[in-house]
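We count ligands from 1, going down the list as the structure has it; atoms in each ligand are counted the same way. Sequence positions, counted from 1, serve as the residue numbers for this chain. This structure is a prediction, so every number in the text was calculated from the model and none was measured.
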Amino acid sequence: MINERVYRSEGIVVHRRNQGEADRILTLCTPQGKVQVVAKGARKVRSRKAGHLELFAHAQLTLARSRSSWDIVTQAETVAPNTALRGDLVRGTYARYAVELYDRFIAEGEGGPSLFDLLARMLAYLCEEERLDLLARAYEQRLLMLVGFRPEWEHCVGERGGGLCERPLDPHGERPFGLDPERGGGLCPDCYHTHRQEHAVVPLSPAALQLFQALQREPFVQVREMPVSPVLLEEVERAARHYITYYLERDVQTGRFMRRLDLNRQGEGAHIDPPSAPAGKAVGPLSKM
Ligand SMILES: [Zn+2]
């Protein structure tokens with residue numbers, strides 16, 4: 001007889017916290033979305049599960065459904081231990097950043113196979129890659145796309161003469177381009193000049209724009225061959241953080257607003273389900289990168 005209370009799933013451990021004397025609550029990124037589960041006895045020295053449930057580990061899990069509490073991990077086998085991410089301080093910091101971005105952009109029960117694949121690949125890359133900062137930038141661009149906040153780097157998002165500018169962004173010349181998180185992407189030099197006083201708008205060098213375009217267009221294996229100066233990397237890191245922070249902070253509020261809207265609309269059959277970050281967490285970890 002099939003026991004319907006038991007199911008199997010792959011999962012990546014993105015967060016762990018202790019519960020009671022010996023248990024651990026795990027936040028998992030799975031192909032079905034983000035979930036919290038409990039690993040009973042995981043902190044006991046002789047626990048057979050514990051070694052498979054380290055932070056960043058990718059495991060094949062057997063779980064028992066629970067109606068009253070978190071589902072329970074009954075068995076765990078390692079798919080990819082990602083050991084290097086726990087033994088190496090620098091790689092570990094990048095890995096922490098990758099899982100935190102996932103954790104903050106994705107609410108419980110949201111997410112899916114593409115985000116799972118992205119995170120699994122990212123952690124595997126992080127174990128070996130030398131160009132970690134460039135890899136982090138590529139990850140951000142893909143994550144933003146998958147959560148519905150894809151920055152527009154190809155056409156200007158500014159406004160001119162009462163309409164959208166939409167000029168192709170050709171990263172040449174001396175004049176600065178702009179980054180406008182509010183409008184969701186890059187500004188041509190003319191629109192940057194027009195909008196530059198707005199609080200969220202920041203300048204973007206032609207080289208930084210070009211790198212963002214490459215990060216979005218090309219697979220990482222090609223981007224990693226590009227020569228990128230430390231100064232440019234720093235500019236792109238700062239710009240990406242500006243964009244991401246803007247969405248994470250705004251999202252806490254829009255998330256609330258959307259949920260209210262959703263409640264109001266129930267009965268009309270409408271459903272708005274924006275990706276939302278857990279409310280109330282500080283932006284701290286982003287600024288450490
Ligand atoms: Zn423009």
Side-chain angles (χ1 to χ4, degrees), residues 101 104-105 114 118 131 133-220 222-255 257-258 261 272 274-277 283 286-287 289:
L101 265 197
R104 296 199 50 195
F105 269 112
S114 302
L118 174 67
R131 304 195 65 181
D133 34 17
L134 207 48
L135 176 62
R137 303 293 84 79
Y139 171 76
E140 289 162 348
Q141 292 300 309
R142 278 163 186 67
L143 185 86
L144 286 168
M145 185 185 77
L146 292 174
V147 298
F149 294 136
R150 177 186 178 275
E152 174 58 60
W153 299 123
E154 301 295 336
H155 294 92
C156 176
V157 297
E159 288 146 39
R160 286 193 306 156
L164 293 174
C165 172
E166 294 185 321
R167 224 185 270 176
L169 295 173
D170 184 13
H172 292 101
E174 296 292 314
R175 296 174 67 204
F177 289 76
L179 166 60
D180 185 350
E182 175 84 44
R183 295 183 178 84
L187 297 171
C188 72
D190 289 340
C191 289
Y192 170 63
H193 191 77
T194 310
H195 297 307
R196 71 187 189 288
Q197 302 295 349
E198 295 172 23
H199 84 283
V201 173
V202 293
L204 199 62
S205 70
L209 173 64
Q210 192 171 31
L211 183 54
F212 275 126
Q213 289 178 341
L215 286 165
Q216 204 173 61
R217 285 178 194 161
E218 317 287 346
F220 178 68
Q222 280 178 23
V223 178
R224 72 187 299 287
E225 301 305 319
M226 292 170 61
V228 181
S229 73
V231 173
L232 177 56
L233 263 176
E234 203 186 308
E235 184 193 350
V236 169
E237 189 268 337
R238 214 170 35 234
R241 186 172 64 214
H242 178 64
Y243 188 91
I244 288 168
T245 307
Y246 179 86
Y247 278 94
L248 283 176
E249 286 178 349
R250 195 195 71 155
D251 199 41
V252 174
Q253 285 158 18
T254 19
F257 171 73
M258 290 292 203
L261 202 64
I272 301 168
S276 59
V283 181
L286 290 175
S287 56
M289 290 286 299

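- Between F177 and Y192, the gap from one ring centroid to the other reaches at least 6.0 Å.
- Applying side-chain hydrogen bond (donor to acceptor under 3.5 Å, both in side chains) to Q216 and the options R150, R142, E154 leaves one that passes, R150.
- Between R183 and E159 a salt bridge is recorded (basic side-chain N to carboxylate O distance below 4.0 Å).
- Note that CZ of R238 is 11.5 Å distant from CG of L179, once rounded to the nearest 0.5 Å.
- Side chains of M226 and L211 form a contact here, defined as non-hydrogen atoms less than 4.5 Å apart.
- Counting only protein N, O or S atoms closer than 2.8 Å to the Zn ion (ligand 1) gives 4.
- Under a 4.0 Å N-O distance rule, the pair E140/R137 qualifies as a salt bridge.
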